[in-house]
Every structure is written in structure tokens, then in C-alpha cells.
Amino acid sequence: MANNFKAVLAPVLWVVFGIVGLLITLDYMGPLPTFELGAAFWPQVILVGIILVSFIQILSIFFSRSTTNQITSDPLLNGEAQSLKEADEAVFLNVNVRTLAIFLLPLVYVYGMHQFGFFLVTPVFLPLYMYVMGVREVKKIFFVSLGFYGMIIFLFVHLVFTPLPQGAGAFHSLNGQFLSFFQ
Amino acid sequence: MNDFFTGTTLLFTDPIGIAVFIGGLVGGLVFGAIPGLSLLTLAAVLLPFSAWLSPEHAIMLYGVIYVSGVYGGAITAILFNIPGSVENAPTAFDGYPMTRNGQAGKAIGFAVTCSAIGGTISAILMMMATAPIANFAISTFGPIEVFSVIFFGLTVVAGVGTGSLSKGWLSLLFGLFLGTIGQDPVGATPRFTFGTLYLSGGIGFVPLILGFFAVAEVFIQGQRVASGTHSSSKVSVAYPSFLEFWGMKLAVVRSAIIGWFCGLLPGVGATLAAFISYNEAVRWSKNPERFGKGEPEGVVAAETANNAATGAAMIPLLALGLPGGALTAIMIGVFNMHDMEIGPLIMIEARDLVWVLFASIFWASLAILFLGVIEAKGIVHLLRIPFPILAPCILIFATIGTYALRASIVDIYVMFGAGVLGFFMRKTNYSIPAVVMGVILGQIGENVFSQAMVMVDYSVIGLFDTWVSSSCLVGGVLTIVYLLYRQAIILVAQRGK
């Protein structure tokens with residue numbers, strides 16, 4: 001019963017997604033001067049498709065008695081890949097601090113890049129993420145970070161003038177100075 | 001034949017010509033492989049310098065960059081799940097799982113060889129009949145036919161990378177939905193933008209692809225590292241055997257034909273070629289369920305087709321002056337810089353130059369084979385770098401690659417959002433390849449559908465008017481019926497047990 005509820009939850013969410021999407025498309029329904037079907041036609045076909053397939057999925061869950069077996073075993077994966085998949089499923093909900101850090105640190109990096117600029121935040125993110133991922137040798141972290149940062153600056157800034165985020169406020173001009181120095 | 005020899009002689013009898021050829025080859029490989037350093041970056045950076053080269057060397061340089069760059073993007077797609085460009089995304093669908101299964105050498109071997117074969121076949125066809133083929137393609141393939149080809153292609157996507165047909169369909173439809181975000185292609189009406197300026201331009205392909213592939217992969221491996229279940233990919237330089245290549249002969253021929261015809265179509269070119277060819281490989285395979293899990297034929301189909309499209313893209317460019325994509329548009333600029341007007345008369349007014357371009361594409365396709373074999377033996381060893389060191393580097397490359405495109409920080413947020421979404425979709429057995437195909441083919445599909453419906457005066461029957469469109473539409477419907485029938489049989493069998 002619990003398995004059935006878990007399996008049905010996802011298609012139900014898809015149905016809700018489809019209905020909400022259809023309601024939004026009502027805002028711009030109606031023909032366009034150059035296209036009679038209007039701007040809403042194509043997304044509506046897709047959203048109706050999502051609702052239909054979700055209903056088929058719900059029906060097939062109730063029709064089939066062995067949904068859980070179908071999801072967990074995959075005869076196409078070789079031994080190692082299969083054991084990895086099983087291990088993945090076992091730890092899927094086992095969230096620890098390290099897992100959270102692996103997910104959140106890149107988001108903090110992007111926010112930091114937005115505020116303080118690429119040149120200031122990247123040298124902090126690189127060693128920190130390596131540490132979170134389990135590298136514990138300080139020398140290795142230092143030299144890899146330095147080498148990679150140098151390579152990025154040389155390749156993207158010095159050689160091909162790729163635009164990189166420069167941050168906001170005072171940090172914008174500081175990053176600009178970095179940029180002109182490296183170029 | 002004489003023209004080809006003349007073109008080749010002009011290329012290789014001059015040391016500067018040889019240097020430009022090798023430089024273009026290596027530059028294309030490097031820039032094609034690293035996200036953020038696309039082919040277009042290299043082409044744009046070199047444009048002012050090409051004015052200093054002779055017309056032969058300048059146009060040859062761009063031909064070589066085009067060919068080697070399309071191949072270059074396959075390497076990072078296979079080794080790290082980071083497609084160098086959009087047309088290399090289907091290569092990652094099976095190339096990266098092959099790497100995880102300890103078959104990186106084989107995957108790269110197939111990619112190198114099939115890129116070379118696809119490019120060479122395309123170059124030969126291009127040399128044989130540029131003008132008549134261009135006229136045939138342009139008159140036969142209009143919006144109705146392109147829409148029906150896309151419909152036909154999308155009908156098999158649902159089975160890629162997931163064991164569940166309904167989840168495959170939902171993934172595809174979700175991808176199609178993502179493709180509708182932004183302004184509609186006819187009236188520019190904002191859809192699902194919620195009043196934001198960013199979304200009115202639509203969600204970019206590159207942030208989505210890098211998010212779904214590279215960032216999601218870092219999160220998945222990162223979770224394994226955190227839980228102590230991570231294992232590195234086995235490093236293998238074993239090349240595919242001749243028998244394995246021979247087993248792919250039909251896939252190669254089919255993909256070369258598809259790639260070549262898609263390459264002829266202005267505006268879609270190599271991207272459509274790679275995706276449609278991959279879909280057809282799934283359709284014709286005896287084991288379609290293996291795709292997305294490390295099936296070599298997936299790599300073969302994508303790489304043969306996207307390289308076959310390179311030579312074909314030159315045909316409408318040279319014969320009709322229609323660029324197939326951004327790089328061929330830059331090539332018009334190169335011709336103009338050297339006081340030449342591209343179009344039907346170019347074959348008469350600058351015959352030698354055109355044959356230099358043909359010869360450069362032919363020799364570059366062959367050179368990929370040799371350079372690729374040497375490169376593959378070495379580059380596979382990048383997998384020896386421990387993942388905890390590689391992870392932040394992948395994230396930074398993906399970040400730069402995304403930001404470099406439009407200098408938009410929101411693109412980076414979208415990329416990480418797609419990464420988190422991709423992580424959860426993969427964990428719950430949804431198909432990332434189907435989502436990506438939905439986004440890319442959906443946007444092209446809606447555009448041509450709108451044009452097609454106006455052309456047939458909104459009558460669905462009108463879509464069946466030509467033999468190309470009717471066979472593709474009927475084939476697509478039959479595929480859907482067959483997939484539903486197969487799923488029903490499986491369900492009945494499960495219930496019986």
C-alpha cells in the first residue's frame with residue numbers, strides 16, 4: 001500500500017503541474033494576426049500530453065502488481081554499475097552534512113561570484129570544494145588550486161578575453177583592475 | 001578529380017598552408033573540447049587575423065576548424081559528461097556510461113573513427129554534386145518536411161536512458177515544455193516568463209546541457225563520495241576491434257546519410273543531425289533498451305552524423321549563399337573580407353578557392369583519424385585524476401562555459417538549477433537524454449510547425465501532402481502504437497507472474 005502511494009505521488013504531481021500550466025496558458029489563448037492557432041496551442045498540446053501520460057502511469061501502477069521490482073533491478077547494467085545503483089538508492093535519503101556541503105557550496109559560489117566577482121571567489125571555492133570532497137593533503141590542494149586558477153586566467157582572460165562575472169559595487173571595480181592586470 | 005588535386009596542391013605545397021592546416025586542426029580540437037571555448041570563439045578570434053592570410057589559407061583554416069571542432073567536443077562528452085557543444089550532447093548519452101563501465105578507450109575509438117568516416121563521406125558527396133544537391137534539398141525540404149522528420153525522431157526518444165516508457169514520455173514532454181518558455185516564435189508572445197526579462201529570451205541550451213550533464217554528474221558522484229560508495233572509472237585505452245567496427249557498418253551508413261541530409265538544411269545542421277541520427281539508431285536497434293546505458297552504437301550514430309553534417313553545410317552555403325549555422329555565417333564574412341560574394345556564381349568566379357575548401361575538409365576529416373588515435377591514447381589518462389580534484393574544475397569550466405555565452409549570471413543559476421533537477425530526475429529513473437532532446441528538437445519543431453500550418457492553411461491533412469512528410473508522420477504514429485503495444489504486453493506479462 002505504502003509502495004503504491006509512493007509510486008502514485010509522482011504522476012499525481014505531474015498532473016497538477018500539467019493543470020497549472022494549462023491554466024497559465026489561458027492568459028494568452030486566442031489567435032494571433034499571423035497564426036490562427038495562437039501562442040498557447042503548442043504548450044497546451046504538450047501539457048495535455050503530460051496529463052495523459054501521467055494518467056496512463058497511474059493506471060499502469062494499479063494494473064501492475066510488481067512496480068517496486070521493476071524500478072530497482074536493471075539487467076542491462078553490469079555488475080559494478082548495478083551495485084553502484086543499489087548503493088545509490090540505499091543512500092538516496094541518507095543526507096549528512098558533507099552531502100549538504102557538496103550541494104550547497106556551488107550555490108554559495110555562484111552567489112559569491114555574483115557579489116564579489118569571479119577572480120576573488122574562485123581561489124576560495126577551489127580548495128574548499130576539494131576539501132569537502134575529501135582531499136586532505138594541504139600541499140596538493142594548494143598547488144592544484146594555484147595551477148588550475150593560473151591556467152584559467154591564462155586561457156580565458158589573457159588569451160581569448162572571455163567575459164567573467166565581475167561582482168557588484170566596489171568589488172566590480174576591484175575585479176576590473178584584476179582583469180586589466182591579467183590582460 | 002583535377003580540381004581536387006589542384007585544391008590539395010594549393011594546400012600542401014606551401015609551408016604556411018601546412019602550418020595553418022595543422023594549427024586549425026589542433027585549435028579546433030582544443031576549442032571544441034573545452035566548454036566556454038567553442039568553435040565560434042576560435043572562429044571569431046581568428047576573423048581579424050584571417051584578413052592577413054591569403055584567401056586560400058583563410059578559407060581553408062575555417063573549413064579545418066569546423067571539422068576538427070565538431071569532433072573535439074566528443075572527447076569531454078565521453079570522458080567527463082561535458083559536451084563541448086550542443087551537437088555533442090547525444091555522444092554523452094552513451095559515451096559517458098561507457099567510460100563508467102571502463103570502456104573509455106572504446107568510446108573514444110568509435111568517436112574518432114566515425115567522426116572521420118562521417119566527415120570523409122560528407123566531403124566526397126560535397127565534391128561530387130554541390131549545386132544539384134543544394135537545389136534538391138532546398139526544394140524538397142520545407143517546414144512541413146522538417147517538422148515531420150522531427151516528429152518521427154521524437155517518437156522513439158521515450159525509450160532512451162530509462163526502463164519505464166511512461167517516465168521516458170514524461171521526460172520528453174517536460175523537455176518540450178521547457179522549450180516553450182520564452183517568446184513564441186510567431187507573435188513573440190511571452191509564455192511562462194512570469195514577467196521576468198531573462199525568461200522572455202527562453203532558457204539557453206548551453207546552461208541546460210551543462211547543468212543536466214556536468215553539474216548533475218558532480219552531484220551524483222559527490223553523493224557517492226560522501227557516502228563512501230564512490231569508485232573511479234577504470235582507465236582503458238583498448239580500441240574497438242575491426243569486428244566491432246564492422247558490426248557498426250549499417251549504423252555508420254545510416255547516420256552518414258541522415259547527418260548529410262540534415263546538414264543541408266539551413267539553420268539546423270549538425271545539432272539536428274546528431275539528435276535525429278541517435279533516435280534512428282534507437283529505432284533500428286535490436287536492443288533499444290541498451291541505449292543511454294553505454295551502447296557503442298549511440299556514440300557511433302551521433303558522431304558520424306554530426307561530422308557528416310559539416311561537409312553538407314557547405315553545399316547551401318556555396319551554392320545558394322545560405323549559412324547552415326553561426327560558423328558557416330562567419331565563413332561568409334571570410335569570403336567577403338577577400339572581396340568575394342558567396343552564392344551560385346562562386347563556383348565559376350572562384351573555382352580554385354572552392355576546391356581548396358573541399359580539399360581541406362576532406363583532408364581534415366582524414367587527419368582527425370590519425371590525430372584522434374594519438375590523442376585518444378593520451379587523453380584517456382585524464383581519468384586517473386581523482387574525482388575530488390576533478391569536481392571543482394568541472395564546475396568551474398561549466399560555469400565559465402555558461403557565462404561566456406551571454407555574460408548573464410542568471411544563466412549560471414539556471415545551470416545549477418538544471419544540475420539539481422537532473423540529479424533528482426536521474427535518481428528517480430527519468431531520462432535526461434529525453435529531456436534534452438525535447439528542449440532542442442521542440443524549439444526547432446515549434447518554429448517549423450507554425451510555418452507549416454500557415455502553408456497548409458491549418459489543415460492537418462495538408463501535412464501529408466508530400467511523400468517525405470507523409471512517410472515520416474505515418475512512421476511516427478506507428479512507432480507510438482508499437483511502443484504502447486510493447487508496454488501493454490510487458491504489463492500483462494508482469495500481472496500474469
Side-chain angles (χ1 to χ4, degrees), chain A residues 10 14 21 24-25 28 32-37 39 42-43 46-47 49-50 53-54 56-57 60 63-66 70-71 74 76-78 80-81 84 87-88 91-92 94 96 98-99 102-103 106-107 110 113-114 122 125-126 129-130 133-135 144 148 152 155-156 160 162-165, chain B residues 36-37 41 45 100-101 163-164 166-167 169-170 173-174 176-177 180 184 186-187 189 191-192 215 219-220 222-227 229 231 289-290 293 386-389 391-393 395-396 399-400 403-404 407 409 412-413 416 420 427-429 446 449-450 453-454 458 487 491 494-495 497:
Chain A
W14 278 114
I24 293 172
T25 61
Y28 42 83
L32 294 167
T34 48
F35 187 55
E36 271 179 27
L37 298 175
W42 184 264
I46 294 164
L47 290 162
I50 288 178
V53 176
S54 306
I56 293 173
Q57 202 179 16
S60 67
F63 189 73
S64 162
R65 287 174 188 162
S66 53
Q70 186 193 335
I71 292 165
D74 190 342
L76 297 170
L77 297 176
N78 65 17
E80 190 195 346
L84 267 176
D88 275 355
V91 297
F92 187 32
N94 182 15
N96 55 28
R98 200 169 158 201
T99 315
I102 285 169
F103 277 79
L107 298 178
V110 178
M113 197 164 29
H114 195 174
T122 302
F125 170 73
L126 256 172
Y129 206 64
M130 273 187 232
M133 288 296 248
V135 185
V144 170
F148 187 72
I152 290 283
L155 197 64
F156 290 99
V160 288
T162 305
L164 293 167
Chain B
L37 288 181
T41 315
V45 166
R100 295 293 304 162
N101 293 338
S164 157
S166 55
K167 284 188 175 177
W169 278 111
L170 282 172
L173 288 163
F174 181 62
L176 288 169
F177 170 78
T180 66
D184 88 275
V186 183
T189 311
R191 299 181 303 197
F192 308 108
V215 178
F219 288 159
I220 283 173
Q223 196 202 20
R224 285 177 185 161
V225 168
S227 62
T229 57
S231 70
E289 65 281 1
R290 288 183 189 276
K293 292 164 185 165
F387 186 77
I389 289 177
C393 304
L395 289 180
I396 288 172
T399 303
I400 294 172
Y403 189 81
I409 197 88
I412 304 180
Y413 282 113
F416 277 101
V420 173
K427 290 287 179 184
T428 48
N429 208 24
E446 185 184 8
F449 173 76
S450 313
M453 289 311 280
V454 174
Y458 304 98
Q487 190 69 6
L491 277 176
Q494 277 177 355
R495 200 173 167 78
K497 280 176 193 170

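Below, all heavy atoms of this structure are taken into account, side chains as well, without hydrogens, waters or symmetry copies. Naming: A, B, ... by sequence-line order, numbering from 1 per chain.
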**OP:** Tell me, for A:Phe148 versus chain B, whether the close heavy atoms (under 4.5 Å) come from the side chain, the backbone, both or neither.
**Re:** side chain
Original post:
Looking at CD1 of A:Ile102 and CD of B:Gln223, how far apart are the two atoms once the value is rounded to the nearest 0.5 Å?
Top reply: 8.5 Å
**OP:** Check each atom of A:Leu126 against the heavy atoms of chain B and say whether the ones under 4.5 Å are side chain, backbone, both or neither.
**Re:** both
Subject >> B:Ile396 CD1 to A:Thr122 OG1 distance, which is reported to the nearest 0.5 Å >> reply: 5.0 Å
Original post:
Can you list the steps and then say if B:Phe387 with B:Arg224 is a side chain to side chain contact (heavy atoms under 4.5 Å, CB included)?
Top reply: CA-CA 11 Å; B:Phe387 186 77; B:Arg224 285 177 185 161; over 6 Å; no
Original post:
Between B:Ser166 and chain A, which part of the residue has a heavy atom less than 4.5 Å away: side chain, backbone, both or neither?
Top reply: both
**OP:** Measure A:Leu164 against the heavy atoms of chain B and call it side chain, backbone, both or neither at under 4.5 Å.
**Re:** both
Subject >> Short side-chain to backbone donor-acceptor contact, B:Tyr458 and A:Glu36, under 3.5 Å >> reply: yes
Original post:
Where on A:Leu37 is there a heavy atom nearer than 4.5 Å to chain B: the side chain, the backbone, both, or neither?
Top reply: both
Original post:
About how many Å separate CG of A:Leu47 and CH2 of A:Trp42, when rounded to the nearest 0.5 Å?
Top reply: 12.5 Å
Original post:
Looking at B:Val225, B:Ile409, B:Ile412, B:Asp184, which one has more heavy-atom pairs under 4.5 Å with chain A than the rest?
Top reply: B:Ile409
Original post:
Under a 4.5 Å heavy-atom cut-off, does chain B meet the side chain of A:Phe35, its backbone, both or neither?
Top reply: both
Subject >> Which portion of A:Val110 sits near chain B, non-hydrogen atoms under 4.5 angstrom >> reply: both
Subject >> Residues that B:Ser450 engages under side-chain hydrogen bond (donor to acceptor under 3.5 Å, both in side chains), provided they are two or more places apart >> reply: none
Original post:
Which bit of B:Leu176 comes within less than 4.5 Å of chain A, counting heavy atoms only: side chain, backbone, both or neither?
Top reply: both
**OP:** Mind telling me whether A:Tyr28 and B:Phe192 have parallel, tilted or perpendicular rings, with 30° and 60° as the class edges?
**Re:** perpendicular
Original post:
Between B:Val420, B:Ile389, B:Val454, which residue shows the highest count of heavy-atom pairs closer than 4.5 Å to chain A?
Top reply: B:Ile389
